[in-house]
Amino acid sequence: MNPKEKAFVNEYIINGGNAYQAALKAGYSRSTAKHAYEWLTKTSPNVTESRYLPYKPYLREAIDARLKEIEDAKIANATEVMQYLTSVVRKEARSRVIVVEGTGDGCSKARLVEKPPDEREALDAAKTLAKIYGLEKNNMNVLAEVGVQIVDDIAEDS
């Protein structure tokens, strides 16, 4: 890809998919930019135009690759989620909380303090990991496995 095409790919993503505006910002002329949408879609040549700019699949591929790269950088994958949940269960993770402390004479001051996960947070993370690994069981299934049988032996007063 040449520098203008690289700029077009970046501008196309920045402006939300307006090929015409992306082409203008990348430095193409207005007459060339009006064909920018055709670069990204498979269309037949416009025979009424004196100059036709063909479908450029490598531009579409570059846009798709860049979008995937952006998505991958922003969205946690399964491994990252599992690692985070495990760090909470092991109380290795740290969170910041605001603590208000008295400074005397009826005054107080707030400050940020790092703390490990409390028992509730660790338990919630453990439950989430158990769901992911399929270790969580329905209470009724657990009762059936243990062999608990419920018998209605209370006499009704009639």
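The shown structure was predicted, so the numbers you read here are calculated from the model rather than taken from an experiment. The figures that follow rest on heavy atoms only: side chains count, while hydrogens, waters and symmetry mates do not.
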_Pair Ile132, Leu85 - check side-chain contact (heavy atoms from CB on, under 4.5 Å), show working._
CA-CA 11 Å; Ile132 291 169; Leu85 290 171; 4.0 Å; yes
*Any chance you could lay out the side-chain contact (heavy atoms from CB on, under 4.5 Å) test for Lys6 and Asn2, step after step, and finish with the verdict?*
CA-CA 6 Å; Lys6 288 178 184 177; Asn2 65 40; over 6 Å; no
*Audit row: Glu5, Leu59, side-chain contact (heavy atoms from CB on, under 4.5 Å) steps and yes/no*: CA-CA 7 Å; Glu5 289 173 334; Leu59 289 179; 3.8 Å; yes
*Start with the C-alpha distance between Phe8 and Met1, add both sets of side-chain angles, then the distance that settles side-chain contact (heavy atoms from CB on, under 4.5 Å), and finish with yes or no.*
CA-CA 10 Å; Phe8 171 79; Met1 281 195 312; over 6 Å; no
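Taking 4.0 Å as the cut-off between side-chain N and carboxylate O, Glu121 and Lys115 count as a salt-bridged pair.
In this structure, the side-chain hydrogen bond (donor to acceptor under 3.5 Å, both in side chains) partners of Lys91, at least two apart in sequence or on a different chain, are Glu119. Residues that satisfy the side-chain hydrogen bond (donor to acceptor under 3.5 Å, both in side chains) test with Arg66, not counting sequence neighbours, are Glu69. With sequence neighbours excluded, the residues satisfying salt bridge (Lys or Arg N to Asp or Glu O under 4.0 Å) with Asp72 are Lys68.
Checked against the 6.0 Å centroid threshold, Trp39 and Tyr28 count as a close aromatic pair.
Residues Ala122 and Val88 come closest through the heavy atom pair CB-O, 3.9 Å. The shortest heavy-atom contact between Ala76 and Val81 is CB-CG2, 4.1 Å. Minimum interatomic distance between Ala110 and Ile98 (heavy atoms only, all atoms of both residues): CB-CG2, 3.9 Å. Contact detail for Ala23 and Ala33: the closest heavy-atom pair is CB-CB, 3.6 Å. Minimum interatomic distance between Pro116 and Arg94 (heavy atoms only, all atoms of both residues): CB-NH1, 3.0 Å. Nearest approach of Asn15 to Ala22, heavy atoms of both residues: ND2-N, 3.2 Å.
Put simply, the side chain of Asn77 gets close to the backbone of Thr79: a donor and an acceptor are under 3.5 Å apart. When atom types are taken as modelled, the side chain of Lys109 and the backbone of Val100 share no donor-acceptor pair closer than 3.5 angstrom.
At a cut-off of 3.5 Å, with distance as the only test, no side-chain donor of Tyr12 or Gln21 sits close to an acceptor on the other residue.
The same ILVMFWY cluster, assembled from side-chain heavy atoms under 4.5 Å apart, contains both Ile63 and Tyr58.
Atom OG1 of Thr41 sits about 8.5 Å away from atom CZ of Arg60, to the nearest 0.5 Å. In this structure, CG on Leu40 lies 9.5 Å from NZ on Lys56, to the nearest 0.5 angstrom. How far CD1 of Ile70 is from CD1 of Ile75: 11.0 Å, rounded to the nearest 0.5 Å. Here the CG atom belonging to Asn18 is positioned 8.5 Å from the CG atom belonging to Leu24, to the nearest 0.5 angstrom. With values rounded to the nearest 0.5 angstrom, Thr128 atom OG1 is found 9.5 Å from Leu123 atom CG.
Within the 4.5 Å cutoff, the side chain of Met82 has heavy atoms near those of the Leu129 side chain. Side chains of Ser95 and Glu114 form no contact here, defined as non-hydrogen atoms less than 4.5 Å apart.
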